[in-house]
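Contents: one structure, followed by commentary.
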Amino acid sequence: MVDIKIKTLSGGDAGTVSLAEEIFGLEPRADILQRMVRYQLAKRQQGTHQTLGRAEIARTGAKLYKQKGTGRARHGSARAPQFRGGGKAHGPVSRSHAHDLPKKLRQLALKHALSAKFKSDSLIVIDDLTSTDGKTKAMAAHFNGLGLKNALVIGGAELDGNFARSARAIPNIDVLPIQGINVYDILRRQTLVLSKAAVEALEERFK
């Protein structure tokens with residue numbers, strides 16, 4: 001087990017919590033993290049780009065002119081790719097860019113991402129992510145006090161409505177419930193902020 005201090009939103013101390021070493025104490029492997037990020041980005045890629053092939057062009061398929069006697073090149077359909085307005089040869093078609101990645105590797109990648117944040121001292125545990133007034137200005141002041149300029153904030157299964165509202169307008173701050181935690185968002189932000197409930201949920205998830 002590895003220990004980390006728990007802070008309050010206002011910057012005070014709220015004791016310590018022990019983190020499971022098999023989740024937060026691994027030696028991060030860049031190759032596993034790279035494979036997971038590539039998997040996530042490929043999965044979200046739309047793949048809706050498409051051009052018209054010669055079979056989809058609305059143009060007559062009749063032979064342009066007779067085969068012999070004109071002195072010109074031999075041509076068939078005006079839908080052929082070499083003609084203006086013809087079909088595109090080997091153009092992109094709508095498809096899914098997603099590829100498979102074993103579930104165990106995806107779980108391991110999340111552990112390595114969490115361990116990477118802990119090892120680089122970029123992990124903060126907050127006792128409770130709540131806001132009484134839902135004001136962005138007050139929340140921004142709390143984050144500045146904690147030194148958070150670029151962070152991913154992970155709460156419990158249910159996010160406090162006022163907290164989520166007050167934090168979502170702050171630049172470079174992302175707020176997600178524990179169900180939404182993912183490797184790409186962890187790595188793209190400088191600091192990872194976990195609520196005490198999120199830590200408990202993660203340890204339960206990997207038990």
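Index from 1, following the sequence. These numbers come from the heavy atoms of this one structure, side chains and all, not from hydrogens, waters or symmetry mates.
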Please list all pairs meeting salt bridge (charged side-chain N to carboxylate O under 4.0 Å, His left out) that have one or both residues in residues 175-188, counting only residues at least two apart or in different chains. D174-R188, D185-R188

Looking at side-chain heavy atoms only, is the closest gap between [X] and [Y] below 4.5 Å?
X: R38; Y: L41; value: no
X: D127; Y: K7; value: no
X: Q50; Y: S94; value: yes
X: L19; Y: L123; value: yes
X: D128; Y: L9; value: no
X: K63; Y: S77; value: no
X: L192; Y: L114; value: yes
X: M36; Y: L101; value: yes

Spacing of [atom1] belonging to [X] relative to [atom2] belonging to [Y], to within rounding of 0.5 Å:
X: L159; Y: R168; atom1: CG; atom2: CZ; value: 11.5 Å
X: I6; Y: L194; atom1: CD1; atom2: CG; value: 11.0 Å
X: R74; Y: Y65; atom1: CZ; atom2: OH; value: 10.5 Å
X: R54; Y: F83; atom1: CZ; atom2: CZ; value: 9.5 Å
X: Q45; Y: S96; atom1: CD; atom2: OG; value: 9.0 Å
X: L108; Y: K103; atom1: CG; atom2: NZ; value: 14.0 Å

More than 12 heavy atoms of other groups within 6.0 Å of [X] [atom1]:
X: Q67; atom1: CD; answer: yes
X: H90; atom1: NE2; answer: no
X: R72; atom1: CZ; answer: no
X: D100; atom1: CG; answer: no
X: E158; atom1: CD; answer: no

Look at the side-chain heavy atoms of Ile, Leu, Val, Met, Phe, Trp and Tyr, link any pair under 4.5 Å apart, and say whether [X] and [Y] land in one connected group.
X: F24; Y: I178; value: yes
X: L110; Y: V125; value: yes
X: V193; Y: I4; value: no
X: V17; Y: L129; value: no
X: L176; Y: F163; value: no

For residues 198-207, please give each side-chain donor-acceptor pair under 3.5 Å, one per line with the distance, not counting sequence neighbours.
| unit_1 | atom_1 | unit_2 | atom_2 | d |
| --- | --- | --- | --- | --- |
| E203 | OE2 | A20 | N | 3.1 |
| E204 | OE1 | K207 | NZ | 3.1 |

Distance-minimising heavy-atom pair for [X] and [Y]:
X: G156; Y: A197; result: CA-CB, 4.1 Å
X: S115; Y: I23; result: OG-O, 2.9 Å
X: A167; Y: V175; result: CB-CG2, 3.6 Å
X: R59; Y: G85; result: NH2-CA, 3.7 Å

Applying side-chain contact (heavy atoms from CB on, under 4.5 Å) to D133 and N162, what does each step give before you reach the verdict? CA-CA 7 Å; D133 54 9; N162 283 341; over 6 Å; no

Should R44 and H97 be marked as a side-chain contact (heavy atoms from CB on, under 4.5 Å) after you check the CA-CA gap, both sets of side-chain angles, and the distance that decides it? CA-CA 8 Å; R44 72 166 63 172; H97 291 267; over 6 Å; no

Steps toward side-chain contact (heavy atoms from CB on, under 4.5 Å) verdict (T8, I126): CA-CA 5 Å; T8 63; I126 303 287; 5.9 Å; no

Applying side-chain contact (heavy atoms from CB on, under 4.5 Å) to V183 and L33, what does each step give before you reach the verdict? CA-CA 7 Å; V183 172; L33 296 175; 4.1 Å; yes

Determine, step by step, whether E56 and R79 satisfy the salt bridge (Lys or Arg N to Asp or Glu O under 4.0 Å) criterion, reporting the C-alpha distance in whole Å, the side-chain angles of both residues, the deciding distance to 0.1 Å, and the verdict. CA-CA 9 Å; E56 299 160 311; R79 299 173 186 164; over 6 Å; no

With R29, the side-chain contact (heavy atoms from CB on, under 4.5 Å) member among H112, R35, Q34: H112

Give a yes-or-no answer on whether the side chains of S18 and D3 include a donor-acceptor pair shorter than 3.5 Å. yes

Could you pull out all donor-acceptor pairs under 3.5 Å where a side-chain atom in residues 138-154 meets a protein atom, sequence neighbours excluded?
| unit_1 | atom_1 | unit_2 | atom_2 | d |
| --- | --- | --- | --- | --- |
| N144 | OD1 | K149 | NZ | 3.4 |
| N144 | ND2 | A140 | O | 3.3 |
| N150 | OD1 | Q190 | N | 3.1 |

With a 3.5 Å distance limit and no angle check, can you tell me whether D13 reaches the backbone of G15 through a side-chain donor-acceptor pair? no

